[in-house]
Amino acid sequence: QVQLVESGGGLVQPGGSLRLSCVASGATLSSYAIGWFRQAPGKEREGVSCIGKNDAFTYYIDFVKGRFTISRDNAKNTAYLQMNTLKPEDTGVYFCATTMRYSGGCSLVGITYDHWGQGTQVTVSS
């Protein structure tokens with residue numbers, strides 16, 4: 001059974017950085033597309049970024065382009081979301097998720113992801 005555990009969240013001032021990690025167990029992460037999603041208070045969950053299983057394809061929503069970078073380390077079976085120049089609007093609970101439904105690409109359609117972590121809180125505030 002695939003289990004995902006996120007970490008790296010916290011409280012940071014606007015303009016600061018955080019790196020989120022998503023450690024997988026029960027599966028080889030390199031076989032999956034990975035998505036990062038977030039849910040702000042009172043709002044619906046939204047996709048933020050994803051990476052295809054061969055790492056040749058990545059996608060970011062416009063609001064985070066140039067600030068966030070998704071990556072993975074197959075040797076550590078871990079995915080990352082490097083978040084720079086954070087803004088208060090980035091506040092929320094961040095989730096990683098995996099799916100085998102895409103041969104090389106990925107999408108931010110949440111229902112296409114089969115396994116989810118429990119989330120890590122990111123708060124951007126002065």
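All of these numbers come straight from a predicted model, not from anything done at the bench.
- Placement of M83 and L108 within a single hydrophobic cluster is found when ILVMFWY residues are connected by side-chain heavy-atom separations under 4.5 Å, directly or transitively.
- Scanning both residues, S126 and P14, for their nearest heavy atoms gives N-CD, 3.7 Å.
- Cluster annotation: F95 is not connected to Y80 through the hydrophobic network of ILVMFWY side chains, with a link wherever side-chain heavy atoms come within less than 4.5 Å.
- Expressed to the nearest 0.5 Å, how far NZ of K53 lies from OH of Y32 amounts to 10.5 Å.
- Screening residues 60-75 for side-chain hydrogen bond (donor to acceptor under 3.5 Å, both in side chains), with sequence neighbours left out, gives D55-R72, D62-K65, R67-D90.
- Nearest heavy-atom pair across G8 and L18 is O-CD2, 3.7 Å.
- Using cut-offs of 30° and 60° for the angle between ring planes, the Y94 and F68 rings count as tilted.
- Distance check, rounded to the nearest 0.5 Å: OG of S30 to CG of N54 gives 10.5 Å.
- Screening T78, L4, L29 for a side chain to side chain contact (heavy atoms under 4.5 Å, CB included) with V23, the sole residue that qualifies is T78.
- Every pair passing disulfide (SG to SG under 2.5 Å) that includes a residue from residues 67-126 is listed here, sequence neighbours excluded: C22-C96, C50-C106.
- Without hydrogens or angle criteria, S49 side chain to Y59 main chain gives a donor-acceptor distance under 3.5 Å.
- The distance from atom OG1 of T99 to atom NE2 of H115, rounded to the nearest 0.5 Å, is 9.0 Å.
- Shown here for A79 and I34, the closest heavy-atom pair between the two residues is CB-CD1, 3.6 Å.
- Cluster annotation: L81 and I61 are assigned to the same hydrophobic cluster (Ile/Leu/Val/Met/Phe/Trp/Tyr, side-chain heavy-atom contacts under 4.5 Å, transitive).
- Scanning both residues, G26 and V2, for their nearest heavy atoms gives O-CG2, 4.2 Å.
- For the atom pair R38 CZ and R45 CZ, the distance stands at 13.5 Å (nearest 0.5 Å).
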Which side-chain N or O atoms in residues 116-124 pair as donor and acceptor under 3.5 Å with protein atoms at least two apart or in another chain?
{"residue": "W116", "atom": "NE1", "partner": "Y113", "partner atom": "O", "Å": "3.4"}
{"residue": "Q118", "atom": "NE2", "partner": "E6", "partner atom": "O", "Å": "3.3"}
{"residue": "T120", "atom": "OG1", "partner": "G9", "partner atom": "N", "Å": "3.2"}
{"residue": "Q121", "atom": "NE2", "partner": "T123", "partner atom": "OG1", "Å": "3.3"}

Practice prompt. Assess whether side chain to side chain contact (heavy atoms under 4.5 Å, CB included) is satisfied between R101 and V109, documenting all intermediate values.
Written response: CA-CA 11 Å; R101 302 190 192 200; V109 178; over 6 Å; no
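- A33 and G105 get closest at one heavy-atom pair: CB-O, 3.8 Å.
- Two different hydrophobic clusters hold Y102 and F57 under the rule that ILVMFWY side chains link at heavy-atom gaps under 4.5 Å.
- Of all the heavy atoms in F37 and G47, the pair that sits closest is CD2-CA, 3.4 Å.
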